[in-house]
J.: 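Right, I'll just put the structure down here and ask away after.
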There are 2 protein chains.
Amino acid sequence: MYFSIGDFSKLTGLSIDTLRYYEKENLIRPERNKHNQRQYTEKDKTWIDFILRLKETAMPLREIQNYAKLRYAGDQTMKERLDMLHMHRESVLEKKKQLENNLKHLDQKIEIYEKANRSK
Amino acid sequence: MYFSIGDFSKLTGLSIDTLRYYEKENLIRPERNKHNQRQYTEKDKTWIDFILRLKETAMPLREIQNYAKLRYAGDQTMKERLDMLHMHRESVLEKKKQLENNLKHLDQKIEIYEKANRSK
DNA sequence: GTAAGGGCTGGAGTATACTCCATGTCAAAT
DNA sequence: ATTTGACATGGAGTATACTCCAGCCCTTAC
């Protein structure tokens, strides 16, 4: 039902220190047991996975922080969060285009190098 | 024929400080004029553009440094550079797959949010 | 001839995102 | 009863990639 920080660390692949850091930065707010120890839930796992997706798509922690704040504020912030997601989607598409462009140039460069190499 | 650091900064979009930093890190080695001022060439522009592509595809400066070292060492390092480019290509493809996967999940999330929003 | 506008260097400072450490609590095992 | 192991906190330290600054040198414009 609940994960200790150690177990949750293994589950998410994030270090214990990172989990505590994320909490300090208000990205995640796990419950505490009677000994003041963090108790993470399945829902926290889903949430962390989403955070990691945002990170992987190069969203800075600050922005994830804003999103988290809205999320923890409840359902009435849904519209605002949706706006953020739409904007982020655009930036991811942009990133994808850039990546494809870079890949194209990289392939060309490799091609040129290989030709030069063969003719030696 | 030659660009001063100020002009080269405008040309590349990199700040003067960044250009000097890249030189300190041996990424680029512009010539100097009789007053010890940097003189960048068209070739340097091509090279910087390539560096920026590597950066955009998330290659750390350290690795770009290694590549630069080989490049400045001359033609006999071509094979080694080619190997680096091949490996980097794989990592870019990997990044692209990851990005596409994240995009898919993002779209799903947006879809769910919009449904929830409409039904309110 | 002096002031402004570049450029130079070495070194300190900054932002981001962690990562490590000292010190302390608590519960279970020996 | 004490050691072990997992957890807690506050705060310092680290890596990466810049960014800024003080103090100095030249050249050109007024």
Side-chain angles (χ1 to χ4, degrees), chain A residues 1-41 44-45 47-69 88 91 95 98 102, chain B residues 1-41 44-45 47-69 88 91 95:
Chain A
M1 175 103 190
Y2 286 119
F3 301 100
S4 71
I5 193 162
D7 290 345
F8 198 64
S9 164
K10 276 161 205 148
L11 185 64
T12 57
L14 294 173
S15 77
I16 289 178
D17 276 316
T18 299
L19 287 171
R20 291 203 270 242
Y21 170 66
Y22 281 4
E23 183 173 348
K24 198 181 329 191
E25 296 295 315
N26 277 305
L27 297 190
I28 187 161
R29 304 175 189 168
E31 296 167 40
R32 301 296 181 110
N33 67 16
K34 62 178 176 299
H35 299 303
N36 194 34
Q37 296 179 332
R38 291 165 180 83
Q39 306 187 121
Y40 294 89
T41 63
D44 287 326
K45 170 71 166 89
W47 172 224
I48 281 284
D49 284 344
F50 184 62
I51 288 175
L52 293 180
R53 278 189 196 294
L54 294 180
K55 272 190 66 62
E56 273 176 7
T57 47
M59 188 187 278
L61 274 208
R62 281 301 151 81
E63 226 171 301
I64 302 179
Q65 226 169 61
N66 291 340
Y67 188 92
K69 200 173 165 182
H88 185 57
S91 94
K95 213 163 302 297
Q98 199 193 42
N102 282 330
Chain B
M1 174 106 191
Y2 287 118
F3 301 99
S4 70
I5 194 164
D7 290 345
F8 198 64
S9 164
K10 277 162 205 147
L11 185 64
T12 57
L14 294 174
S15 76
I16 289 178
D17 277 315
T18 299
L19 286 171
R20 291 202 271 242
Y21 170 67
Y22 281 3
E23 183 173 346
K24 199 182 327 192
E25 296 295 316
N26 278 306
L27 297 191
I28 188 162
R29 303 174 189 170
E31 296 167 39
R32 300 296 180 110
N33 67 15
K34 60 179 177 297
H35 299 303
N36 194 35
Q37 296 179 330
R38 292 165 180 84
Q39 305 187 122
Y40 294 90
T41 63
D44 287 326
K45 169 72 165 90
W47 172 225
I48 281 284
D49 284 345
F50 184 62
I51 288 175
L52 293 181
R53 277 188 199 293
L54 295 179
K55 273 190 66 61
E56 275 176 5
T57 46
M59 188 185 279
L61 274 208
R62 280 301 152 82
E63 225 171 303
I64 301 179
Q65 229 169 57
N66 291 340
Y67 188 92
K69 201 173 165 181
H88 185 56
S91 95
K95 214 165 299 298

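What you see below is based on every heavy atom in this structure, not just the backbone, and it leaves out hydrogens, waters and symmetry mates.
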J.: Hey, what do you get for OG1 (B:Thr41) to CZ (B:Phe3), rounding to the nearest 0.5 Å?
T.: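 Going from the OG1 atom of B:Thr41 to the CZ atom of B:Phe3 covers 8.0 Å.
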J.: Using a 3.5 Å cut-off and no angle test, enumerate the donor-acceptor pairs between side-chain atoms of residues 59-68 of chain A and protein atoms at least two apart in sequence or in another chain.
T.:
| unit_1 | atom_1 | unit_2 | atom_2 | d |
| --- | --- | --- | --- | --- |
| A:Gln65 | NE2 | A:Glu25 | O | 3.3 |
| A:Gln65 | NE2 | A:Glu25 | OE1 | 2.7 |
| A:Tyr67 | OH | B:Tyr113 | OH | 3.2 |

J.: Distance from A:Ser4 atom OG to A:Leu11 atom CG, nearest 0.5 Å?
T.: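 The CG atom of A:Leu11 is 10.5 Å from OG of A:Ser4, to the nearest 0.5 Å.
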J.: Distance-only, no hydrogens or angles: does the A:Ser9 side chain make a donor-acceptor pair with backbone N or O of A:Leu14 under 3.5 Å?
T.: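 A pair under 3.5 Å: yes.
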J.: Hey, does B:Lys55 reach any base, or is it just sugar-phosphate, or nothing, if we go heavy atoms under 4.0 Å?
T.: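 The residue B:Lys55 makes sugar-phosphate contact but no base contact.
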J.: How long is the straight-line distance from OG1 of A:Thr18 back to CD of A:Glu23, given to the nearest 0.5 Å?
T.: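 Here the rounded value is 13.0 Å.
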J.: Measuring from atom CD1 of A:Ile51 to atom CD1 of A:Ile28, what distance do you get when rounded to the nearest 0.5 angstrom?
T.: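 Rounded to the nearest 0.5 Å, the CD1-CD1 separation comes to 5.5 Å.
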J.: Quick one: which of B:Asp44, B:Ile5, B:Leu27 gives a side-chain contact (heavy atoms from CB on, under 4.5 Å) with B:Leu19?
T.: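 Exactly one option meets the side-chain contact (heavy atoms from CB on, under 4.5 Å) with B:Leu19, and it is B:Ile5.
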J.: Mind checking side-chain contact (heavy atoms from CB on, under 4.5 Å) for A:Asn36 and listing every partner two or more places apart, or none if nothing turns up?
T.: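 Result, side-chain contact (heavy atoms from CB on, under 4.5 Å) vs A:Asn36: A:Arg32.
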J.: Using heavy atoms and a sub-4.0 Å distance, could you list which residues of residues 60-69 of chain A are near DNA chain D? By number, please.
T.: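 Within residues 60-69 of chain A, no residue comes under 4.0 Å of DNA chain D.
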J.: Among residues at least two apart in sequence or on other chains, which ones pass ring pair (Phe, Tyr, Trp, His ring centres under 6.0 Å) with B:Phe8?
T.: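 By the ring pair (Phe, Tyr, Trp, His ring centres under 6.0 Å) rule, B:Phe8 matches B:Tyr40.
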J.: Measuring from atom CZ of B:Phe50 to atom CG of A:Asn102, what distance do you get when rounded to the nearest 0.5 angstrom?
T.: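 If we round to the nearest 0.5 Å, B:Phe50:CZ and A:Asn102:CG are 10.0 Å apart.
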J.: Base contacts versus sugar-phosphate-only contacts with protein, heavy atoms under 4.0 Å: please encode nucleotides 5-10 of chain D as B, S and - from 5' to 3'.
T.: --SSB-
J.: Using the heavy-atom set of chain A and a strict 4.0 Å cut-off, write down the first and last nucleotide of DNA chain C that makes it in, 5' to 3'.
T.: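 Endpoints of the contacted stretch of DNA chain C: C:dT16 to C:dA27.
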